[in-house]
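My structure is below; once you've seen it, I'll send some questions.
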Amino acid sequence: MCKRIFAIILGLVLCISMIPSAKAVEVEAPSAILMDLATGTVLFEKNSHARLAPASVTKVMTLLLVMEALESGRISWEDTVIASETAAAKGGSQVYLEVGEHMSMDEMLKSVVVSSANDCATALAEHVAGSEESFVQMMNQRAEELGCVDTNFVNCTGLDDEENAKEHLTSAHDIAIMSRALLAHEKIKDYTTIWMDTVRDGKFGLSNTNKLVRFYDGTTGLKTGYTSTAGHCLSASAKRDGIELIAVVLNCKSSTDRFQSAKALLDYGFANYALVNAQADEALPTVKVRLGEQASLTPVLQQSAPILIEKGEQAQVKKTVELCKEITAPVAAGQQLGTLKIETDTRVLAEIPILAPSKIEKVSVWEMTVRLLRKLCMAADSE
């Protein structure tokens, strides 16, 4: 009996050892997370829900709201943004806006993204919502909609020089969620990938605070932050071989620590994970429709979102299409006609329904009669 139990345990151990697993990664950052952008899957986390001051990484949410306002048409790319006295008075990183100064939407965004300009961030917030206070309400509402449970914003910049700044808190986890939402706006990458540029007709130079833009292959963004209270913070994103990752690190001791920690996380992700395209290897065949107003239909997949896997599984991936060859009308829009099964040698990755793209009504008795007569006439002509 003991021998049998030992054999079972040994077998389980061997099976577990065969399951591919990514090698662990260590980072100096006190709080960190690595997330796959396409799926939102968390690949690594360390104290990721610790509520901490984010410094200028706050501007990830500020930029998200601006991009959403632009996309919805509430504000326009053609707008000129006017600096208020409040905006011009902001300290920290800035482009030194003067009260009443006019700047294009493009240059305002460029200044915020590349140089983390607090004055421009405030001017944009006022342009979107009328005041920074109203904008902050929008920030908190959007954070709640995204499922950011650790977040409370009190300003749009991340500055901590006011009394209520101690209540300005978020987490690496929440910042990753916000960053994912921001990166869904591809236009933002026109700014987050700039290394050096100018505004004011070339009279004022900008240099990106995110050094990964120049020194890390595939970097797509995103935002740095620093205050003495928050420490050195960073939300970094990069894309290689079709996979895009987000690494967030907070409360680092030095700028070197934050960049090294982010790079370590990104390196870990790129080395160990890949995406599988959730599409059939070949075009789906048509399905015949009996007694339908049309003779056939071309089916579609219910979804096409990629699937995240460990790189060791790539060579094992198999895709199988199970699809009916014929169906009788009526056919409902979205009616399941089959399944695309994606699996490896050890597990099923996805079973994606194959659907009818639109409804097909059953032919009327009159139309059936006409079709029958047509066939009889064709048969007679061929004799």
Side-chain angles (χ1 to χ4, degrees), residues 8 10-24 33-45 147 176-177 180-181 183-184 186 239-246 268-362:
I8 292 171
L10 180 61
L12 289 171
V13 170
L14 288 172
C15 289
I16 292 170
S17 67
M18 293 174 66
I19 299 173
S21 59
K23 295 180 180 179
I33 193 168
L34 178 68
M35 180 180 287
D36 169 53
L37 184 143
T39 65
T41 303
V42 175
L43 306 179
F44 172 89
E45 54 187 339
I177 293 174
R180 185 177 178 228
L183 288 165
E186 283 291 325
K239 184 175 184 178
R240 293 180 186 174
D241 300 323
I243 185 171
E244 190 161 6
L245 303 173
I246 300 165
Y268 164 79
F270 290 130
N272 291 287
Y273 295 94
L275 288 174
V276 172
N277 191 340
Q279 299 280 355
D281 290 333
E282 298 178 354
L284 295 174
T286 57
V287 175
K288 292 182 180 179
V289 182
R290 294 180 66 250
L291 304 178
E293 290 182 341
Q294 63 186 65
S296 64
L297 61 81
T298 302
V300 295
L301 286 173
Q302 184 182 60
Q303 65 182 57
S304 57
I307 302 165
L308 188 73
I309 62 169
E310 292 189 8
K311 279 194 172 180
E313 297 179 299
Q314 277 181 299
Q316 305 172 16
V317 174
K318 295 176 291 186
K319 298 179 181 180
T320 307
V321 174
E322 298 174 355
L323 181 65
C324 62
K325 295 181 179 179
E326 187 177 73
I327 190 171
T328 301
V331 180
Q335 182 174 329
Q336 185 165 350
L337 306 175
T339 304
L340 170 63
K341 190 175 184 179
I342 305 175
E343 59 189 326
T344 67
D345 295 343
T346 58
R347 65 190 181 104
V348 175
L349 300 174
E351 291 183 320
I352 304 171
I354 300 173
L355 311 175
S358 58
K359 70 178 181 179
I360 299 177
E361 299 290 354
K362 187 175 181 178

Using 0.5 Å steps for rounding, measure from the CD1 atom of Ile246 to the CG atom of Leu34.
9.0 Å

Any donor-acceptor pair under 3.5 Å from Lys319 side chain to Gln279 backbone
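Pair found, side chain donor or acceptor close to backbone of Gln279.
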
Measure the NZ-CG distance between Lys239 and Leu245 for me, rounded to the nearest 0.5 Å.
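It comes to 11.0 Å.
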
Considering all heavy atoms, the nearest Leu323-Pro299 contact:
CD2-CG, 3.9 Å

Quick check: are there more than 12 heavy atoms from other residues, nucleotides or ligands sitting under 6.0 Å from NZ of Lys311?
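Yes.
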
Ignoring hydrogens, what is the shortest heavy-atom contact between Val331 and Gln335? Give both atom names and the distance.
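Closest pair (atom of Val331, atom of Gln335, distance): CA-OE1, 3.5 Å.
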
How far apart are the closest heavy atoms of Ala329 and Gly292, and which atoms are they?
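Smallest interatomic distance, heavy atoms only, reads CB-CA, 3.5 Å.
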
side-chain contact (heavy atoms from CB on, under 4.5 Å) between Lys318 and Asp345, intermediate numbers included:
CA-CA 8 Å; Lys318 295 176 291 186; Asp345 295 343; 4.1 Å; yes

Could you report the tightest heavy-atom contact between Ala280 and Leu301, atom names first, then the distance?
N-CD1, 4.3 Å

Verdict with supporting geometry, Leu340 and Leu284, side-chain contact (heavy atoms from CB on, under 4.5 Å)
CA-CA 10 Å; Leu340 170 63; Leu284 295 174; over 6 Å; no

For residues 321-343, pull every pair meeting salt bridge (Lys or Arg N to Asp or Glu O under 4.0 Å), keeping only residues two or more places apart or in separate chains.
Arg290-Glu326

Shortest non-hydrogen contact from Thr339 to Gln336?
OG1-NE2, 3.2 Å

Atom pair CG/CG of Asp36 and Leu308 - distance to nearest 0.5 Å:
4.5 Å

Between Leu43 and Tyr273, does a side-chain contact (heavy atoms from CB on, under 4.5 Å) hold up when you go through it step by step?
CA-CA 9 Å; Leu43 306 179; Tyr273 295 94; 3.8 Å; yes

Test Thr344 against Ile309 for side-chain contact (heavy atoms from CB on, under 4.5 Å), laying out the working first.
CA-CA 10 Å; Thr344 67; Ile309 62 169; 5.6 Å; no

Side-chain donor-acceptor distances from residues 353-361 under 3.5 Å, at least two apart:
none

Give a yes or no answer on whether the side chain of Glu313 reaches the backbone of Glu310 with a donor-acceptor pair at less than 3.5 Å.
yes

Heavy atoms only: give me the nearest Ala176-Ile33 pair and the separation to one decimal.
CB-CG2, 3.8 Å

